[in-house]
Amino acid sequence: MSDRRLIGVGVGPGDPELVTVKGVNSLRAADVVVVPVMDSGERGRAEATVLHYVPEEKVVRVVFALNERSDRARREAAWDAAGERVAQLLRGHGTVAFATIGDPNVYSTFTYLAQTIEESVPGTVIETVPGITAMQDLAARSGAVLTEGTEPLTLVPVTAGAAVLKDALSGPGTVVAYKFGRIAEEVAAALRETGRIGDAVWGSALGLPEESIRPAAELDGSPLPYLSTLIAPARRDGGRGGKL
């Protein structure tokens, strides 16, 4: 068995109390903890969370083009450079943890990193530690129930455009939208057109001092933080247990 391990650790949406015990233990047991940062250099949410549990000298910042969507060549060059930096760390250390907000298997940068490491450092054991997602945290803080009975749950990254969200809203069950801040006005329009705005709620910076949780009906076209989350609960008119 290889003595090199790369562990993707989900550290939740921002509230340091929402990192699991297994997540904390994995961060502390690792030789190095990598945190993704944008090329502008500001401290990201994953790094801020990690620093509640491990000393700063154990944390290595690696630049990823996290929000780059228009220039694929630039994005992939950034991934390659980040992958090579993590590969160097793996060659010099036994275990490297990569901290990612939310869960490492849900729209996470860790997926791309793991693919790169599988090719560049063959034999590396790759593991993940699940983390609490923004939709779970928003549901808890807002009182929005994600699913009942046989209802489906649809998760849509609105970076794919409001049309994809509108299709989901036209169907059954609860719809969750991630990263919709830049097109909040289009999202509000889709909610109104599908008759789903009444019970919908959105939130950003969950568990942080700048937290905001508001009814979607209050969306007025003002710009929102990029990492905003929306929950549009299923239509429920069958009373208690109506979907069982």
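Only this structure's heavy atoms are used, side chains among them; waters, hydrogens and symmetry mates stay out. Given the structure is predicted, the values throughout are model-derived calculations rather than measurements.
- Annotation for L230 and A200: closest pair CD1-CB, 4.3 Å, computed over non-hydrogen atoms.
- In terms of heavy atoms, L191 sits closest to A216 at CD1-CB, 3.8 Å.
- T49 pairs in a side chain to side chain contact (heavy atoms under 4.5 Å, CB included) with only one of the listed residues (V19, D15, L27, I101), which is V19.
- The shortest heavy-atom contact between A30 and V33 is CB-CG2, 4.5 Å.
- Residues I132 and P13 share a closest heavy-atom pair of O-CD, 3.4 Å.
- For D199, the CG atom counts as loosely surrounded, since its 6.0 Å shell holds 12 or fewer non-hydrogen atoms of other residues, nucleotides or ligands.
- A distance-only check finds no donor-acceptor pair linking the side chain of T229 to the backbone of M135 [under 3.5 Å].
- The minimum heavy-atom distance between I213 and S142, with the atom names listed, is CG2-CB, 4.1 Å.
- Every residue was checked against the side-chain contact (heavy atoms from CB on, under 4.5 Å) condition with D80, not counting sequence neighbours, and none meets it.
- There is a path of hydrophobic side-chain contacts, each under 4.5 Å, that joins L153 to L155.
- Nearest heavy-atom pair across A99 and V11 is CB-CG1, 4.1 Å.
- Pairs passing the side-chain hydrogen bond (donor to acceptor under 3.5 Å, both in side chains) check and including a residue from residues 18-38, sequence neighbours excluded, do not occur.
- With respect to the salt-bridge test (charged N to carboxylate O, under 4.0 angstrom), the residues E56 and R43 qualify.
- The aromatic rings of Y178 and Y107 sit perpendicular, their planes meeting at an angle over 60°, well past the 30° parallel limit.
- A donor-acceptor distance shorter than 3.5 angstrom exists from the side chain of Y53 to the backbone of P16, with no hydrogens or angles considered.
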